[in-house]
Each structure stands twice: as C-alpha cells, then as structure tokens.
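Not measured: the values here are computed from a predicted model. Along the sequence shown, the residues carry numbers beginning at 1.
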Amino acid sequence: PPPPRHAHPDWLAVALATDWPAQAEAVMAADNREPPLMLRANRRHGERATLITALREAGQAAEAHPWLADGIVLPHSTDVTRLPGFAEGAFAVQDGAAQAAAELVEARDGQRVLDACAAPGGKACHLLERADVELTALEMDDHRATRIRQNLERLQLAAKLIVGDASHPSAWWDGRPFDRILIDAPCSASGVLRRRPDVRLHRRESDIAELGVLQRRILHALWPLLAPGGRLVYATCSLLRAENEVVVADLLAAQADAEVVPFDLPVGQRAAVGWQILPGDGDLDGMYYAVLHKHPGS
Ligand SMILES: C[S@@+](CC[C@H](N)C(=O)[O-])C[C@H]1O[C@@H](n2cnc3c(N)ncnc32)[C@H](O)[C@@H]1O
C-alpha cells in the first residue's frame, strides 16, 4: 500500500491526534518541511549584531531571531564549520526551541547549577555563556560526554563534567544543593522529526511508557538536590503528554514543597502544566518546558 501522506508511523499519528487533536495535521506537515538552521551567538565572544554582519559579509543570509536574545536564523542548512567564527567559538548550532531553556532557568552569577542530562552540551554551554555559574554537567553516556567537553573547549567555557546516572544521585552528588536544576530528559524526540528522520524509523509505541517511568525516576531523584527557593526546569523534545505534563504532575502530587511557576513564551501553547512548543510554532522544533519552584520554607 502507498505510505500514508503524512509519512509518520501510525502509532505516532494516533498519539498526536489524541494529545493535540486540533494541531496534529499541522504538526505532521511541519515535520515534513525543511527547517531553518539556527545559531546561538556566544555572548562571551561578542555581540550578536557583529556576528550577523560577519556572516553577511561572508555571503551568508542571516537574521536576528525575533524574540530569542542570542538566536540567529539562517534560511537553509549549511556547513557551519566554514562560517566565520566557528573555530573561535563565536556561535553554536542550536534550534531556538532549545535556546528558550536558558531564558527559563534564569541562572544568576555565583549560583550552583546542575544540568542533569547534558550531552552534547548545547544548553549547558548556553547557561555558561549567560552567567558566571558553577555548572555541573551530568551525563550517563560516556561517549556522549566527550562531546560536552569538545563543545566547552571550542566555546571556551568551563564546567564540572560528571559521567553518572541522574536517577542515582547518591553515586555522584557531593551533598551541596543546587540553586538551579535543568532536566533535559531523555525522551521520544517526537518534537524533532524534521531534523531526525531516524526517529520515525526506530521509535516504538512501547517506548513511551518506558520513557515516562525513566523521566519520573529522574525528576523524583533530583528534586531533593534543589535548594529551598531554587528553580527546576523540566524539558523534553517530546510532544506527548505522557512524557511531559503527566511526569511533572506526578512530582507535584508527591512533593508538597513543589509549586508550578506559570510562564508564557511568545509561541506555543499552554499545557495542563507547563508550555508546549509544537513543530512549526514560530518555525521552531517541538519542545516542552515546565518550571518548578521549591518552597523556601521547606
Ligand atoms: C535530550 S538529550 C540532552 C541534550 C542536551 N541537554 C543539550 O542541550 O545539548 C538527553 C541526554 O540524557 C542522557 N541520559 C539518558 N539517561 C540519563 C540518565 N539516567 N542520567 C543522565 N543522563 C542521561 C542521554 O544520553 C542524552 O545525552
């Protein structure tokens, strides 16, 4: 039989229609379009406007992102290693949906920050570019962790790198609480099909429940590491509620000192808890964010 017009696995088309009935068709259409290439200007290297000028002088069309402070949009994919400033760490490649993480973490100079699922280090590096924080980058996969080190080096940033399991902090935590925690959890990647064709082929419906269990374990295990008054951002590049608001609601039900911090982004939609960017919203990848605050009296 001819493949379905939307070219998505059936189980995913059904899951999208269940979770996002009004948007599912548009989401699948966006998944099938070529995405723009987005860069993140490294604030420690120079002004975004200066980098845009250098890119244009090198013949590369480039625009400042309309609302992300560090974002630059290129119309098409290109070999970024040949763009001016790459070797010197003037920029990194990062979709705008992922760049929103640093806005939401709100890390301030001097804070202790944990990036619990850090490889290849995109969000960790962004946090370090924006504030003088003491950042711990945790990653379970040894091989992927080396990519964090390479990115830190190219961008001339420093972090404490730990290879370890976010769901077992007793194996690596030094007992000092974190002011900020980012959990960019392992997920189905159902929000990034436009960049990751492999996801359509390899992801299985049964993965979703398993990922939900893992995501819950990580979130529950890390909550005690957050300082009273601290802020935790839970993120995935999934569109499925079972990996997103359901996971966060589970923590809220279990932890009396956890409260939701409401926020809006310029694009996307409010979820029952948190915020969902769907693929194509603002021409971004799909991404989910929830922000939690730990009650200071605890
Ligand atoms: C969505 S990716 C992180 C992307 C990264 N934050 C960035 O912006 O570049 C999730 C990462 O979590 C790692 N991971 C999976 N399970 C983990 C666990 N239990 N503890 C720590 N890291 C884990 C994966 O190997 C993967 O590198």
CA sep, side-chain torsions, deciding dist, call: Arg44, Leu157, side-chain contact (heavy atoms from CB on, under 4.5 Å)
CA-CA 9 Å; Arg44 300 213 179 249; Leu157 302 167; 4.0 Å; yes
Show your reasoning for whether side-chain contact (heavy atoms from CB on, under 4.5 Å) applies to Leu37 and Val80. CA-CA 10 Å; Leu37 177 65; Val80 294; 3.8 Å; yes
Could you walk me through whether Asn244 and Gln276 pass the side-chain hydrogen bond (donor to acceptor under 3.5 Å, both in side chains) check?
-> CA-CA 9 Å; Asn244 295 339; Gln276 183 77 56; 3.2 Å; yes
- Evaluate the salt bridge (charged side-chain N to carboxylate O under 4.0 Å, His left out) criterion for residues Asp95 and Arg194: first the C-alpha distance (whole Å), next the side-chain angles of each, then the deciding distance (0.1 Å), finally the verdict. CA-CA 12 Å; Asp95 189 77; Arg194 63 186 197 158; 3.3 Å; yes
Review point. Can Leu127 and Val105 be said to form a side-chain contact (heavy atoms from CB on, under 4.5 Å), step by step?
Key: CA-CA 8 Å; Leu127 292 169; Val105 171; 3.8 Å; yes
Self-check item: Verdict with supporting geometry, Val113 and Arg231, side-chain contact (heavy atoms from CB on, under 4.5 Å)
Solution: CA-CA 10 Å; Val113 180; Arg231 188 177 171 96; over 6 Å; no
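Taking a cutoff of 4.0 Å between a charged side-chain nitrogen and a carboxylate oxygen, Asp31 and Arg200 do not qualify as a salt bridge. Salt-bridge formation is not detected for the pair Asp132/Arg108: no Lys NZ or Arg NE/NH1/NH2 atom is positioned less than 4.0 Å from an Asp or Glu carboxylate oxygen. A salt bridge does not link Lys294 with Glu259: none of the charged nitrogens is closer than 4.0 Å to a carboxylate oxygen.
Summarising the geometry of Arg43 relative to Arg130, their closest heavy-atom pair is NH2-NH1, 3.2 Å, with the distance given to 0.1 Å. Nearest heavy-atom pair, Ala137 versus Ile148, reported as atom, atom and distance to 0.1 Å: CB-CG2, 4.3 Å. Considering all non-hydrogen atoms of both residues, Leu239 and Ile277 come closest at CD2-O, 4.0 Å. Contact between Tyr289 and Ala97 at its shortest, heavy atoms only, is OH-O, 2.6 Å. In terms of heavy atoms, Ser238 sits closest to Leu240 at OG-N, 3.0 Å.
The backbone N or O of Pro186 lies less than 3.5 Å from a partner atom in the side chain of Gln215, making a donor-acceptor pair. Of the possible donor and acceptor atoms, one in the side chain of Thr18 sits under 3.5 Å from a partner among the backbone N and O of Val14. Trp11 contributes no side-chain N or O that, together with a main-chain N or O of Arg204, makes up a donor-acceptor pair within less than 3.5 Å. Under a 3.5 Å cut-off, the side chain of Gln99 and the backbone N or O of Leu39 do form a donor-acceptor pair.
Remark: Ile72 CD1 to Gln60 CD distance equals 10.0 Å, nearest 0.5 Å. Expressed to the nearest 0.5 Å, how far NE2 of His126 lies from CD of Glu103 amounts to 6.5 Å. Between atom CG of residue Asn42 and atom CG of residue Asp70 there is a gap of 8.5 Å, rounded to the nearest 0.5 Å. Atom CG of Leu219 and atom CG of Leu214 lie 11.0 Å apart (nearest 0.5 Å). One distance of note links CG of Asp285 with CZ of Arg196; it measures 10.5 Å at 0.5 Å rounding. Rounding to the nearest 0.5 Å places CG of Leu114 at 12.5 Å from CZ of Arg176.
A continuous path of Ile, Leu, Val, Met, Phe, Trp and Tyr side chains, each step under 4.5 Å between heavy atoms, connects Leu225 with Ile218, placing both in one hydrophobic cluster. Cluster membership check: Val233 shares its hydrophobic cluster with Leu284, using side-chain heavy-atom separations under 4.5 Å among Ile, Leu, Val, Met, Phe, Trp and Tyr. Under the 4.5 Å side-chain heavy-atom criterion for grouping Ile, Leu, Val, Met, Phe, Trp and Tyr, Val291 is not connected to Tyr234 through any hydrophobic cluster. Grouping the Ile, Leu, Val, Met, Phe, Trp and Tyr side chains by contacts below 4.5 angstrom, directly or via other members, places Phe263 with Met287. Linking ILVMFWY residues whenever their side-chain heavy atoms come closer than 4.5 Å, directly or via other members, leaves Val246 and Ile208 in distinct clusters.
Contacts classified as salt bridge (charged side-chain N to carboxylate O under 4.0 Å, His left out) and involving residues 135-154 (residues at least two apart or in different chains) are not found. Within the structure, every pair that satisfies the salt bridge (charged side-chain N to carboxylate O under 4.0 Å, His left out) test and touches residues 233-242, not counting sequence neighbours, is listed here: Arg241-Glu245.
Between the side chains of Gln269 and Asp281, a donor-acceptor pair is found at a separation under 3.5 Å. With hydrogens and angles left out, the side-chain atoms of Asp257 and Trp223 include a donor and acceptor closer than 3.5 Å.
Looking at residues two or more places apart in sequence or on another chain, you find no salt bridge (Lys or Arg N to Asp or Glu O under 4.0 Å) involving Glu88. With sequence neighbours excluded, no residue satisfies salt bridge (Lys or Arg N to Asp or Glu O under 4.0 Å) with Arg48. Contacts of Asp109 classified as salt bridge (Lys or Arg N to Asp or Glu O under 4.0 Å), with partners at least two apart in sequence or in another chain: none. Looking at residues two or more places apart in sequence or on another chain, you find a salt bridge (Lys or Arg N to Asp or Glu O under 4.0 Å) between Arg112 and Glu134, Asp174.
The side-chain heavy atoms of Trp275 and Asp264, taken from C-beta on, include a pair separated by under 4.5 Å.
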